[in-house]
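Since the structure is predicted, the reported quantities are computational estimates derived from the model, not experimental observations.
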Amino acid sequence: MDFIFLDYQTLRVIWWLLLGVLLIGFAVMDGFDLGVGTLLPFVAKTDEERRLVLNTIGPVWEGNQVWLVLGGGAIFAAWPPLYAVSFSGFYLAMFLILFALILRPVGFKYRGKMPSQRWRNNWDRALFIGGFIPALIMGVAVGNVLLGVPFAIDDTARISYEGHLIGLLTPFALLAGLVSVAMLVAHGAAMLVIKLDGPVADRAARIGSISAVACVVLFALAGVWVAFGLPGYQIVQSAGTDGPSNPLLKSAQVGGGWMANYSAMPATIAAPLVGLLGMLASAFLLRARAGGKAFIASGLGIAGIILTVGFAIFPFLLPSSISPDSSLTLWDSSSSHLTLWIMLLCTIVFLPIIIAYTTWVYRVLKGKVTSDEMGDNPNAY
């Protein structure tokens, strides 16, 4: 059609990049919420300190989840087969994540409804679960993408999944989960240092710096494992980058390694370097109580880690461990040309609005959270 200015291949690449942007946006914006929830029982010793911690994220955590909605919506609309396989194959894992995320609003709303310390402690545990479980399981999911997922597509385009929840918890996948937890804890600690003073900020800085160093070590270990322990996948024959969205028109095989793209495109080595250096810088900056700079550094580290995975598996989106030919790539599992174009136009309009509104909210809510402020604010948790 004449009004479609971008070819199919270009639109597919653009939406692959936008998916990466949305995943990074979720990890950076909602990630510090998860990190703060995970840190709650370790940095706050009294009820007042726990209230301080909760009020650092209380006004913004709901808005941050828009990035989760955007990411899920983008997968559904731009990559329907990917949505179908991942959200059905990882159903129990997704259920765990959703259950944990549901605990967050309930915990925020009900924690202060009764003066009983036992009541509040139980909701604090729920808020910890609401932070830790999503951080861990999302990392485990990324680990399984690198390993390959046990699904197949038959000649009638029906998808079958042969895995189960326990099967997702392999040693490498758990290592990826620990990388996710470590980086989000460091990111959450940076936010606490920004928003709080006193003993809570001191504990957050100490734990966050340790977590950032742990992230560097775990990420490096995962990189060595990927380079020397995982076979990876490669496309043997393709229907083309602008062909129809039918995964069965290509042939793929196990082997070739996930490091091939870094040899073919040397500039992509910047991604793991940014991941390592960003988290390492965050550790030093947290020690120096430079919360704002540490937050930027950990955000860059998160972006680098996510991009490292994306560049490694390109052009795969979800490889199949039992039927490599069924693997989903950005060349054969996207929506139609017209759909991608219309969605791009909508994104150009609405994504800047979301970013502008989010920026305004954080500008309004800038400043430290204090005990006096909580006492004067009837909306405080």
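- How far OG of S245 is from CH2 of W331: 11.5 Å, rounded to the nearest 0.5 Å.
- Of the possible polar contacts, one joining the S326 side chain to the I153 backbone as a donor-acceptor pair under 3.5 Å is found.
- Between S282 atom OG and L286 atom CG the span is 4.5 Å, to the nearest 0.5 Å.
- The two residues C215 and I305 make their nearest non-hydrogen contact at SG-CD1, 3.8 Å.
- Taking the six-membered ring for Trp and the full ring otherwise, the centers of Y83 and F76 sit less than 6.0 Å from each other.
- Using a distance-only test at 3.5 Å, with no hydrogens or angles considered, a donor-acceptor pair links the side chain of W15 to the main chain of L340.
- Among all heavy-atom pairs drawn from K368 and I194, the shortest one is NZ-O, 2.9 Å.
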- Task: Check the pair E62 / R104 against side chain to side chain contact (heavy atoms under 4.5 Å, CB included), numbers first and verdict last.
- Result: CA-CA 10 Å; E62 288 178 293; R104 289 206 295 172; over 6 Å; no

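- For the residue pair D33 and N64, a side-chain donor N or O sits within less than 3.5 Å of a side-chain acceptor on the partner.
- Between W16 and F314, the gap from one ring centroid to the other is short of 6.0 Å.
- With sequence neighbours excluded, no residue satisfies side-chain contact (heavy atoms from CB on, under 4.5 Å) with A176.
- Under the side chain to side chain contact (heavy atoms under 4.5 Å, CB included) rule, V43 has a single partner from V36, L52, T38, V200, which is V200.
- With a 4.5 Å cut-off on side-chain heavy atoms, P272 and Y262 count as touching.
- Of the possible polar contacts, none joining the Y110 side chain to the R120 backbone as a donor-acceptor pair under 3.5 Å is found.
- Shown are R111, R51, K45; of these, the salt bridge (Lys or Arg N to Asp or Glu O under 4.0 Å) with D124 is made only by R111.
- When ring centroids are compared, Y91 and Y161 stay outside the 6.0 Å threshold.
- Residues R158 and T156 bring a donor and an acceptor atom of their side chains to less than 3.5 Å of each other.
- Note on ring orientation: taking the six-membered ring where Trp is involved, the planes of W258 and Y233 are tilted (angle from 30° to 60°).
- Between L136 and I97, the closest side-chain pair of non-hydrogen atoms is not below 4.5 Å.
- For D332 (side chain) and T329 (main-chain N/O), a donor-acceptor pair under 3.5 Å exists by modelled atom type.
- With R287 contributing its side chain and S209 its backbone, the two residues share no donor-acceptor pair below 3.5 Å.
- At most 12 non-hydrogen atoms from other residues, nucleotides or ligands lie less than 6.0 angstrom from CZ of F95.
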- Go through the steps for W123 and M114 under the test side chain to side chain contact (heavy atoms under 4.5 Å, CB included), then give the verdict. CA-CA 11 Å; W123 285 116; M114 294 179 64; over 6 Å; no

- Message: Between N121 and R118, is the side chain to side chain donor-acceptor pair (under 3.5 Å) condition met? List the steps.
- Response: CA-CA 5 Å; N121 289 343; R118 182 178 180 182; over 6 Å; no

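- The CG atom of L175 sits 10.5 Å away from the CZ atom of F219 when rounded to the nearest 0.5 Å.
- Between the W79 side chain and the L19 main chain, no donor and acceptor come within less than 3.5 Å of each other.
- Distance check, rounded to the nearest 0.5 Å: CG of L317 to OG of S333 gives 4.5 Å.
- Taking all atoms of both residues into account, the shortest heavy-atom contact from A135 to L184 is CB-CD1, 3.7 Å.
- The main-chain N or O of V28 is found under 3.5 Å from a side-chain atom of H187 such that the two form a donor-acceptor pair.
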- Item | Worked check of side chain to side chain contact (heavy atoms under 4.5 Å, CB included) between L54 and L127 | CA-CA 9 Å; L54 294 178; L127 289 167; 3.6 Å; yes

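- Aromatic pair W61/F108: ring centres closer than 6.0 Å.
- Neither side chain, R50 nor N55, offers a donor N or O lying under 3.5 Å from an acceptor on the other.
- The local environment of CD in Q237 is sparse, with at most 12 non-hydrogen atoms from other residues, nucleotides or ligands closer than 6.0 Å.
- D242 places no side-chain N or O within 3.5 Å of a backbone atom of Y8 that could act as its donor or acceptor partner.
- Annotation: the span from I235 atom CD1 to K250 atom NZ amounts to 6.5 Å, rounded to 0.5 Å.
- One finds the OG1 atom of T10 at 11.0 Å from the CG atom of L344 (value rounded to the nearest 0.5 Å).
- A distance-only check finds no donor-acceptor pair linking the side chain of S320 to the backbone of P150 [under 3.5 Å].
- Between R289 and D202 there is a salt bridge, with a side-chain nitrogen of the basic residue lying less than 4.0 Å from a carboxylate oxygen of the acidic one.
- For the pair H337 (side chain) and L6 (backbone), a donor-acceptor distance under 3.5 Å is present.
- In terms of heavy-atom proximity, I313 sits nearest to N261 at C-ND2, 4.2 Å.
- Shown here for F151 and P319, the closest heavy-atom pair between the two residues is CE2-O, 3.7 Å.
- When the side-chain contact (heavy atoms from CB on, under 4.5 Å) test is applied to P199, the partners found at least two apart in sequence or on another chain are E49, R203.
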